[in-house]
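As structure tokens, the structure follows; a few thoughts come after it.
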Protein chains: 2
Amino acid sequence: MPDKPLNAASDSYHHGDLGNALLAAAETLLHSHGPGGLSLREVARVAGVSHTAPYRHFSNKSALLAALAQRGLERLHDAMAAAAASVPHGPEQQLIAAGVAYVSFAVSHAEIMQLMFGPHIGPAPVGTEKDAFAVLLTIVESGIAAGVFRARDAGELAQVAWSTMHGLAMLITANRLDVDVSDPAALAERVSSVASNVIYGLSR
Amino acid sequence: MPDKPLNAASDSYHHGDLGNALLAAAETLLHSHGPGGLSLREVARVAGVSHTAPYRHFSNKSALLAALAQRGLERLHDAMAAAAASVPHGPEQQLIAAGVAYVSFAVSHAEIMQLMFGPHIGPAPVGTEKDAFAVLLTIVESGIAAGVFRARDAGELAQVAWSTMHGLAMLITANRLDVDVSDPAALAERVSSVASNVIYGLSR
DNA sequence: ACCTGAACACCGTTCAAGT
DNA sequence: ACCTGAACACCGTTCAAGT
């Protein structure tokens with residue numbers, strides 16, 4: 001009974017979802033080998049196809065890495081948005097929550113962060129790379145409207161917040177700050193401390 | 001008259017300074033190819049030696065890259081220290097000057113920054129990777145002593161400053177912020193603005 | 001349409017051999 | 001001591017060929 005399965009692709013010659021299978025394999029290998037150590041041939045091997053099959057789905061290795069980075073940008077945005085939404089206690093707490101989400105994501109996806117913000121790929125497609133920034137911008141805008149943040153250009157304040165969180169995340173994942181990344185509570189404490197200092201300033 | 005030249009190595013077989021010649025060649029190639037795109041064989045080619053000669057000076061490719069990163073950390077420290085020393089107008093201005101130096105270095109040495117803070121190499125040898133941080137720490141300490149900065153743990157405030165400057169630098173070199181990197185004045189303006197916001201805070 | 005195998009021009013690293 | 005050439009096990013990418 002040679003029926004065509006609609007939900008499964010057990011046929012195994014065309015397994016139908018090779019694009020996503022390759023991305024999944026690449027993500028696994030990225031975790032163990034790091035970017036640069038990832039080879040397209042090994043990705044194909046893990047996915048169970050010949051080493052030229054990936055070229056049916058991605059025009060080259062860079063395109064695969066770019067797709068991975070794109071995925072990462074979306075997930076980071078979602079994690080930040082969810083964190084901010086879960087805190088109805090005002091802009092300061094939302095900013096801190098979004099920062100904790102940012103750094104937590106960076107710690108558990110260090111290699112993908114390198115792809116997202118490194119030189120491996122060009123700038124992300126317009127309208128998407130702003131998504132993580134957009135979360136911060138929204139929080140800052142609501143904070144200005146509520147009179148909690150200074151009435152400066154919101155974009156400028158959001159840039160300050162982004163820079164600080166990004167730098168903190170990169171220095172922590174690069175092992176430059178003495179933070180135990182395996183302890184989520186300690187990590188959140190560190191991020192909260194830095195975020196609070198940015199909110200209230202260094203002066204006086 | 002087969003005298004041995006003491007100052008020059010025009011002999012050309014043993015050219016005496018291959019270690020540094022390799023580092024110089026690697027730095028040039030890094031600028032044009034980016035990290036990852038740099039090949040040890042091409043470095044040797046540029047230096048005019050066989051592709052195995054580098055192994056007399058560096059145990060492997062990672063060791064060459066690590067040496068390059070080490071150099072970069074020292075230069076960054078020197079640039080920051082010089083910038084801070086040239087401004088005797090108090091801790092706030094010194095912090096801003098050091099920040100401008102940090103971001104300027106990052107912009108003109110983007111590839112080496114990736115080596116310095118990326119996953120390509122392990123953490124820098126102890127006592128050296130703290131040098132850039134040490135400049136910030138000194139400024140913060142003097143600011144606390146002068147009553148200009150809050151009397152918190154100086155290390156904590158310096159971490160905030162470092163995170164912000166590092167993040168700003170990385171986002172700018174990754175083309176994530178709309179900054180014209182070819183205009184030094186505009187760059188300094190942007191950095192000053194961010195640094196000032198950190199010093200005085202986002203609140204109120 | 002989708003996948004494969006052979007082929008090309010590269011890598012990093014090792015090792016016996018040369019001066 | 002310092003450097004070389006051949007060799008090995010890999011790469012990314014292309015292309016004619018298979019189903």
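The shown structure was predicted, so the numbers you read here are calculated from the model rather than taken from an experiment. Convention: sequence-line order gives letters A, B, ...; per-chain numbering from 1.
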**OP:** Please state how far atom CD in A:Glu42 lies from atom P in D:dA9, giving the value in whole angstrom units.
**Re:** 17 Å
Subject >> Contact under 4.0 Å: A:His57 side-chain N or O vs C:dC3 OP1/OP2 >> reply: yes
**OP:** Can you see which heavy atom on B:Phe117 is nearest to which on A:Gln114, and at what distance?
**Re:** O-NE2, 4.4 Å
Original post:
So, for B:Ile139 and B:Phe149, which heavy atoms are closest and what is the spacing to 0.1 Å?
Top reply: O-CE1, 4.2 Å
Subject >> Side-chain donor/acceptor of A:Ser193 to backbone N/O of A:Glu189, under 3.5 Å >> reply: no
Original post:
Whole-Å distance between C:dC11 P and A:Lys61 NZ?
Top reply: 14 Å
Original post:
What is the distance, rounded to the nearest whole Å, between atom CG of A:Leu40 and atom C1' of D:dC10?
Top reply: 14 Å
Original post:
Does B:Arg41 place a side-chain N or O at less than 4.0 Å from the phosphate oxygens OP1/OP2 of C:dA9?
Top reply: no
**OP:** State which of C:dT4, D:dC11, C:dC11 makes the closest approach to the side chain of A:Arg45.
**Re:** D:dC11
**OP:** Would you mind reading off the distance between A:His51 atom NE2 and D:dC11 atom P, rounded to a whole angstrom?
**Re:** 10 Å
**OP:** May I have the distance from B:Tyr55 (atom OH) to D:dA7 (atom C1'), rounded to whole angstrom?
**Re:** 14 Å
Original post:
Which whole-number value in Å describes the distance from A:Leu22 CG to D:dG12 C1'?
Top reply: 15 Å
Original post:
In whole angstroms, how far is the P atom of C:dT13 from the CG atom of B:Leu64?
Top reply: 10 Å
Original post:
Which base sits across from D:dG5 as a Watson-Crick or G-U pair, both distances under 3.5 Å?
Top reply: C:dC15
Original post:
Are the side chain of B:Gln94 and the backbone N or O of B:Val87 linked by a donor-acceptor pair below 3.5 Å?
Top reply: yes
**OP:** Report yes or no: does B:Arg41 contribute a side-chain atom to a donor-acceptor pair with the main-chain N or O of B:Ser39 at less than 3.5 Å?
**Re:** no
Original post:
Between C:dC11, C:dT4, D:dC11, which nucleotide has the shortest distance from any of its atoms to the side chain of A:Val49?
Top reply: C:dT4
**OP:** Please state how far atom CZ in A:Arg56 lies from atom P in D:dT19, giving the value in whole angstrom units.
**Re:** 17 Å
Original post:
Touch check for B:Ser39, heavy atoms < 4.0 angstrom, all strands: base, sugar-phosphate only, or nothing?
Top reply: sugar-phosphate
